[in-house]
Amino acid sequence: MYRAKSTRGGHHVYRDDDGQGDERLRTLAELRTALLEDQLLLHYQPKVDLAVGTVRGVEALVRWDHPVRGLLYPDAFLALVEEAGLMPAMTQIVFEKALDQTARWQEQGRTLSVAVNLSASSLVDVELPDRIADMVAARGLVPSVLVLEITEDFLMGDRERAHTILTRLRDLGVRIAVDDFGTGYSSLAYLRDLPIDELKLDKSFVMPMADDPRAAALVASTIDLAHSLGLRMVAEGVESSVAYADLAGHGCDVAQGFFISPPVPVAELDAWLASREVAVVTGLTATPFTPR
Ligand code: C2E
Ligand code: MG
Ligand code: MG
Ligand code: MG
């Protein structure tokens, strides 16, 4: 087997020429095409307000409608987007699509906030807050419709710069959520220092809640922690009615998960929202939503 050596960004990259490398290069080329030819799209997952049972916001999740391989999920391409240096371009596209859709909902009389995931690499861009302010204003929206979901790993980089960017965003009225809370390597100290509105407890704690008392204890304590810091608590990975009820019982603010709805295309979400409103109004459902 022949080994190719190349130099990229100062790193020596060795790889076996077993076809894997070719595949990677092809996918990289396809990614560039995907961005240029508008092959990325967003699915939306509702976030239910547990106290009142209403949907006040959604999370936008990127997908790639690959011309040959079909619909691809982030796990299949985000690392490559990062590696290819295409994250700023992808982030821009995601923001534009998410805000376009939010403006459309607003025109239809639906007030929904939209959460966009931001990679750690995006939190080094000091121009980001101004660009976001422009994108929001251009669509006649207020900045508070936007929630930015960041993971704890942004703290591994230039903390000071991240702090500056987050503070500027927060001053604009954009809301900040810490995603996958509890899975990062960072200390809790940032909760004291950083401008944050929301903690999203990782699904690895929420999913086993019903069967695992330790997971349940961690969820309950995290809800208390969030509230004592004045933060909103969101649970992701709510897959059962038991988890939903337990979270509501513990005073968790917002729930998101397959029990409520998986991430779906806009048309499906609109239909789901409409049927849910009818069910609530006519009292046809005991639960505040229609489980799928
Ligand atoms: P995330 O932000 O933590 O999003 C939640 C993920 O959990 C989504 O996977 C969602 O489909 C999945 N999920 C939701 N409810 C449940 C549930 O009840 N059970 C289980 N098992 N899973 C559930 P998805 O869409 O594949 O996204 C994976 C990750 O990719 C996201 O995790 C986020 O970190 C990243 N991502 C997605 N869209 C974007 C984007 O536009 N930009 C960036 N930078 N990252 C993104
Ligand atoms: Mg997220
Ligand atoms: Mg998450
Ligand atoms: Mg995640």
Side-chain angles (χ1 to χ4, degrees), residues 31 34-35 39-48 55 57-65 71-102 113-125 128 132 146-154 175-184 196-210 215 219 222 232-244 246-247 252 254-265 268-269 289 291-292:
L31 255 180
L35 297 185
Q39 293 171 7
L40 297 184
L41 63 139
L42 299 179
H43 281 180
Y44 296 90
Q45 186 175 35
K47 298 165 88 171
V48 169
V55 176
V58 296
E59 177 174 4
L61 294 148
V62 71
R63 274 86 180 95
W64 177 5
D65 187 12
L71 195 68
L72 299 182
Y73 289 76
D75 282 354
F77 63 90
L78 274 192
L80 219 52
V81 170
E82 224 30 288
E83 187 193 320
L86 292 172
M87 192 51 91
M90 191 200 87
T91 303
Q92 181 71 20
I93 290 170
V94 169
F95 271 123
E96 284 174 1
K97 286 185 186 295
L99 292 170
D100 281 349
Q101 183 54 45
T102 306
S113 68
V114 70
V116 169
N117 292 281
L118 211 53
S119 76
S121 65
S122 300
L123 270 185
V124 299
D125 177 6
L128 185 72
I132 287 178
L146 186 62
V147 180
L148 296 181
E149 298 195 0
I150 57 177
T151 52
E152 291 170 321
D153 52 354
F154 78 91
R175 287 179 286 155
I176 313 290
V178 176
D179 204 352
D180 304 341
F181 182 69
T183 59
I196 295 168
D197 299 279
E198 187 175 291
L199 291 186
K200 290 193 80 174
L201 188 60
D202 192 66
K203 52 180 175 282
S204 61
F205 299 100
V206 178
M207 282 161 52
M209 260 178 84
V219 172
T222 309
R232 193 170 43 250
M233 183 72 211
V234 182
E236 62 174 29
V238 181
E239 293 190 347
S240 68
S241 60
V242 176
Y244 186 94
D246 283 354
L247 288 162
C252 183
V254 179
Q256 192 180 344
F258 293 168
F259 175 63
I260 300 158
S261 167
V264 288
E268 240 180 276
L269 183 77
F289 55 84
R292 301 173 64 97

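Whatever order the structure lists them in is the order used to number ligands and atoms, beginning at 1.
At a heavy-atom distance under 4.0 Å, only side-chain atoms of L78, from C-beta outward, approach ligand 1. By the criterion of a heavy-atom distance under 4.0 Å, neither the backbone nor the side chain of H43 is placed next to ligand 1. The side chain of R63, and not its backbone, has at least one atom closer than 4.0 Å to an atom of ligand 1 (non-hydrogen atoms only; side chain from C-beta on). Looking at V94 against ligand 1, only its side chain comes within 4.0 Å, counting heavy atoms. Contact annotation for Q45 and ligand 1: only side-chain heavy atoms (C-beta onward) come within less than 4.0 Å of the ligand. With a 4.0 Å cut-off on non-hydrogen atoms, D180 touches ligand 1 through its side chain and not its backbone.
Between V206 and L247, the closest side-chain pair of non-hydrogen atoms falls below 4.5 Å. K200 has its side chain within reach of Q256: a pair of non-hydrogen atoms, C-beta onward, lies under 4.5 Å apart. Within the 4.5 Å cutoff, the side chain of R63 has no heavy atoms near those of the L72 side chain. Residues V55 and K47 have side chains not in contact (no heavy-atom distance under 4.5 Å, counting atoms from C-beta outward). Put simply, the side chain of L146 reaches to within 4.5 Å of the side chain of V114, judged on heavy atoms. Taking 4.5 Å as the limit, every side-chain heavy atom of T102 sits out of range of all side-chain heavy atoms of Y44. Under the 4.5 Å side-chain criterion, counting only non-hydrogen atoms from C-beta, Y244 is in contact with V48.
Not a single N/O/S atom of D202, whether from backbone or side chain, sits less than 2.8 Å from the Mg ion (ligand 3). Not one N/O/S atom of E236, from backbone or side chain, sits under 2.8 Å from the Mg ion (ligand 2). For residue E59, an N/O/S atom approaches the Mg ion (ligand 2) to within less than 2.8 Å.
Taking every heavy atom of D179 and a limit of under 4.0 angstrom, the matching atoms of ligand 1 come to 1 (P), 2 (O), 3 (O).
Looking only at distances, a side-chain donor or acceptor of E236 sits under 3.5 Å from a matching main-chain atom of K203. Counting only distance, with no hydrogens or angles, the side chain of S122 and the backbone of L118 share no donor-acceptor pair below 3.5 Å.
Residues V58 and P46 come closest through the heavy atom pair CG1-CA, 4.0 Å.
Every N/O-N/O distance between L61 and ligand 1 stays at or above 3.5 Å. Checking only distances, E239 does come within under 3.5 Å of ligand 1, N or O to N or O. Between D75 and ligand 1, not a single N/O pair is under 3.5 Å apart. Polar contact check, G257 against ligand 1: no nitrogen or oxygen pair lies under 3.5 Å apart.
Atom OD2 is the N/O/S atom of D179 found closest to the Mg ion (ligand 2). The Mg ion (ligand 3) sits nearest to atom OD1 when only the N, O or S atoms of D180 are considered.
Proximity annotation for atom 12 (C) of ligand 1: of M90, K203, M207, K203 comes nearest, heavy atoms only. Around atom 42 (N) of ligand 1, the closest heavy atom drawn from L72, L118, N117 belongs to N117.
Heavy atoms of E236 approach ligand 1 to within less than 4.0 angstrom. Every heavy atom of K200 sits 4.0 Å or more from the atoms of ligand 1.
The Mg ion (ligand 2) lies at the vertex of an angle of 100° between the OE1 atom of E149 and the OD1 atom of N117 (rounded to 10°).
When only modelled atom types and interatomic distance are considered, S121 and E82 share a side-chain donor-acceptor pair under 3.5 Å. For the residue pair E59/Q45, the side-chain donor-acceptor check at 3.5 Å is not satisfied.
Remark: E149 does not engage R175 in a salt bridge, criterion side-chain N to carboxylate O under 4.0 Å.
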